[in-house]
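Quick note: numbers below take in every heavy atom, side chains included, and nothing from hydrogens, waters or symmetry partners.
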Amino acid sequence: MRLGCIADDFTGATDLANELASRGLRTSLLFGIPADLDLAEIDAVVIALKSRSIAPDAAAEQSVAALRWLKQAGCERFYFKYCSTFDSTDAGNIGPVLEAMAADLGVEAVIACPAFPATGRTVYQGHLFVGDRLLNESTMRDHPLNPMLDADLVRVLQRQTRGAVGLLPREILAAGAAAEAMAEHRGAGMIAVIADAICDQDLALLGQYCAGVPLASGASGLASGIARALAPPDACRASAPLPEAGASRRAILAGSCSAATRRQVELAAERYPSLRLSLRAGETPQQVVAGAKDWIDKQALDRPLLIYSTVTPDMVEAQRRAWPDGASAAFEAILAEMAAYLFEDGGGALIVAGGETSGAVVSRLGLGRIDIGPEIDPGVPWTIAARGEGPPLLLTLKSGNFGSDDFFLKAWEHL
């Protein structure tokens, strides 16, 4: 195994596995730590955790457990993957997990680079941009779980770590002096180093350096640069072919309230039968599930269904006030039950939008491993989930911020 990766959510793990496969690495995506697995034909393993928004100590513990499983499987090079928008709070979980993994491996000065130019995320002078806007001026300012109010990643990560955080500027990277600069950072006792990258060539140079050290961290862009350094020069995309979807049910389950998903839902609702889930005063999640099942039973098989809890930021706040025990968790559970009702008998094709929603759906369906198929949009592929002796489920797990406005529409064109 050339690379062992640990991702802090399920959609990010899919995005990462897609990038590794695109560079020619035979990649297996696992949901959680397996009891046993034959890795004889695998170049890279991605272990997907649901650790982005849990308590920092628990996130670090789960991540180190995954790291040790990968070490026991024979891996010597590791990658910690988080979102290209650096989703986190001042308590973590990026910093605590990175420190815990570095301590377990006995390393310092771990590269941290969330740049992913293909999706508009770049880092310059340690500041993260989303398109042409600083992170704190983008829609991430209003993120319902982890609002990002500071674009200076050195400052952001420093608030999450006990050790010092440094910077690897683009000028040093472009001059070919990354190794010397990183040696100085290690000598100064830095725990992590934010690295600039504004284009794929920057990530290729950074990937060459990271391919020679035990641990690096970032979004899928840097992982792609590392894979580029590890794969044969003539490697082609290592993705599995999609089986026929047949006449089975197709559905979109959207739980993300990001601006990108809101636009995608709005466009899809004009084309497909759609149901917006809501929690009214005095109504239980079980009653919402029962009503949604009745609606599903009345729909034909020949068109995809859209079921969503996606709303605007002001409506998210209203839901929080109405459901202080957790509207987001309630919607995740409801959408997971929808997935089980639609697809528990096997077969079909499902798109899930939102990291937390994807985690809930995958857990409810009991999926343990998926193979990576063709890419729909940068960072978002179709995947194939084997389910015992029955037909596989075609599955797309989409980060809330990813995909073009017509993503839901063109995803079906691949089938």
Using atom types as modelled and distance alone, determine if a side-chain donor or acceptor of Arg121 lies under 3.5 Å from a backbone N or O of Thr119. yes

Under a 3.5 Å distance rule, please check whether His185 uses its side chain to pair with a backbone N or O of Leu167 as donor and acceptor. yes

Mind checking whether Met148 and Thr85 have side chains closer than 4.5 Å, heavy atoms only? no

Answer yes or no: is there a side-chain heavy-atom contact under 4.5 Å between Arg250 and Leu415? yes

Just wondering, are more than 12 heavy atoms of other shown residues or ligands nearer than 6.0 Å to CD in Gln287? yes

Residue pairs meeting side chain to side chain donor-acceptor pair (under 3.5 Å), one or both in residues 196-206, sequence neighbours left out, come to Arg170-Asp202

Where is the tightest heavy-atom contact between Met338 and Ala292, given as atom of each residue plus distance? SD-CB, 3.3 Å

Donor-acceptor contact below 3.5 Å, side chain Gln264 vs main chain Phe402: yes

Do Thr14 and Pro381 come within less than 4.5 Å of each other through their side chains, counting heavy atoms only? yes

Polar side-chain atom of Glu19 near backbone of Ser224 as donor-acceptor pair, under 3.5 Å: no

Are the side chains of Pro243 and Leu394 in touch, meaning some heavy atoms are under 4.5 Å apart? yes

Donor-acceptor contact below 3.5 Å, side chain Thr27 vs main chain Leu25: yes

Mind running side-chain contact (heavy atoms from CB on, under 4.5 Å) on Leu206 and Leu168 for me, showing each step along the way? CA-CA 10 Å; Leu206 198 56; Leu168 179 64; 3.8 Å; yes

Please report the C-alpha distance between Gln160 and Leu98 in whole Å, then the side-chain angles of each, then the deciding distance to 0.1 Å, and finally whether the side-chain contact (heavy atoms from CB on, under 4.5 Å) criterion is met. CA-CA 10 Å; Gln160 301 178 20; Leu98 188 151; over 6 Å; no

Pair Glu375-Ser22, side-chain hydrogen bond (donor to acceptor under 3.5 Å, both in side chains): steps then yes or no: CA-CA 9 Å; Glu375 186 177 62; Ser22 72; over 6 Å; no

Which residue pairs pass the ring pair (Phe, Tyr, Trp, His ring centres under 6.0 Å) test with at least one member in residues 5-43, sequence neighbours excluded? Phe10-Phe31

Taking the side chain as every heavy atom from C-beta outward, state whether Val156 and Asp152 have any atom pair closer than 4.5 Å. no

Nearest-0.5 Å distance that lies between atom CG in Asp371 and atom CG in Leu395: 11.5 Å

Could you grab the distance from atom CG of Leu222 to atom OG of Ser217, nearest 0.5 Å is fine? 7.5 Å

What class does the angle between the rings of Trp412 and Trp382 fall in, given that below 30° is parallel, 30 to 60° is tilted and above 60° is perpendicular? tilted

Over 12 foreign heavy atoms within 6.0 Å of CZ, Arg237: yes

In sequence, state the C-alpha distance, the side-chain angles, and the governing distance for Tyr308 and Ser274, and then conclude on side-chain hydrogen bond (donor to acceptor under 3.5 Å, both in side chains). CA-CA 8 Å; Tyr308 64 100; Ser274 60; 5.0 Å; no

Taking all heavy atoms of Ala339 and all of Leu350, pick out the closest pair and write down the distance. CB-CD2, 4.2 Å

Minimum heavy-atom separation for Leu203 to Ala115, with atom names? CD1-O, 3.9 Å

Evaluate side-chain contact (heavy atoms from CB on, under 4.5 Å) for Asn136 paired with Asp150, printing each intermediate quantity in order. CA-CA 5 Å; Asn136 57 301; Asp150 192 352; 5.6 Å; no

Tell me whether Glu76 at atom CD has more than 12 heavy atoms from other residues, nucleotides or ligands lying less than 6.0 Å away. no

Using the side-chain hydrogen bond (donor to acceptor under 3.5 Å, both in side chains) rule, take Ser404 and Lys410 through it: C-alpha gap first, then chi angles, then the decisive distance, then the call. CA-CA 9 Å; Ser404 59; Lys410 67 184 179 183; 3.1 Å; yes

Would a distance-only check, ignoring hydrogens and angles, find a side-chain to backbone donor-acceptor pair under 3.5 Å from Arg2 to Leu230? yes

Side-chain contact test, heavy atoms from C-beta onward, threshold under 4.5 Å: evaluate it for Val380 versus Asn18 and give yes or no. no

If you compare all heavy atoms of Ala48 against all heavy atoms of Ala13, which two are closest, and at what distance to 0.1 Å? CB-CB, 3.4 Å

Taking the side chain from Arg262 and the backbone from Cys257, do they hold a donor-acceptor pair closer than 3.5 Å? yes

Check for a donor-acceptor pair, side chain of Asp9 on one end and backbone N or O of Gly12 on the other, with a separation under 3.5 Å. yes

Could you check whether any side-chain N or O of Asn93 sits under 3.5 Å from a backbone N or O of Ser51, counting only pairs where one atom can act as donor and the other as acceptor? yes

Any salt bridge linking Glu356 with Arg52? Criterion: basic side-chain nitrogen under 4.0 Å from a carboxylate oxygen. no

Identify the two heavy atoms, one from Ala151 and one from Leu134, that lie closest to each other, and give their separation to 0.1 Å. CB-CD2, 3.7 Å

Side chains of Ile94 and Leu157 in contact at under 4.5 Å (non-hydrogen atoms): yes

Between atom OG of Ser256 and atom CG of Asn401, what is the distance when rounded to the nearest 0.5 Å? 6.5 Å

Which heavy atom in Ala197 sits nearest to a heavy atom in Cys113, and how many Å separate them? CB-SG, 3.9 Å

Spacing of CG belonging to Leu365 relative to CG belonging to Leu393, to within rounding of 0.5 Å: 6.5 Å

Is any side-chain heavy atom of Phe408 closer than 4.5 Å to one of Leu267? no

For Ala238, is there any backbone N or O sitting under 3.5 Å from a side-chain donor or acceptor partner on Arg26? no

Between Lys398 and Thr261: side-chain donor-acceptor atoms closer than 3.5 Å: yes

Euclidean distance, Arg228 CZ relative to Leu205 CG, rounded to 0.5 Å: 8.5 Å

From CA spacing to verdict: side-chain contact (heavy atoms from CB on, under 4.5 Å), Thr383, Leu397: CA-CA 8 Å; Thr383 72; Leu397 304 178; 5.8 Å; no

Using 0.5 Å steps for rounding, measure from the CG atom of Asp377 to the CZ atom of Phe407. 6.0 Å

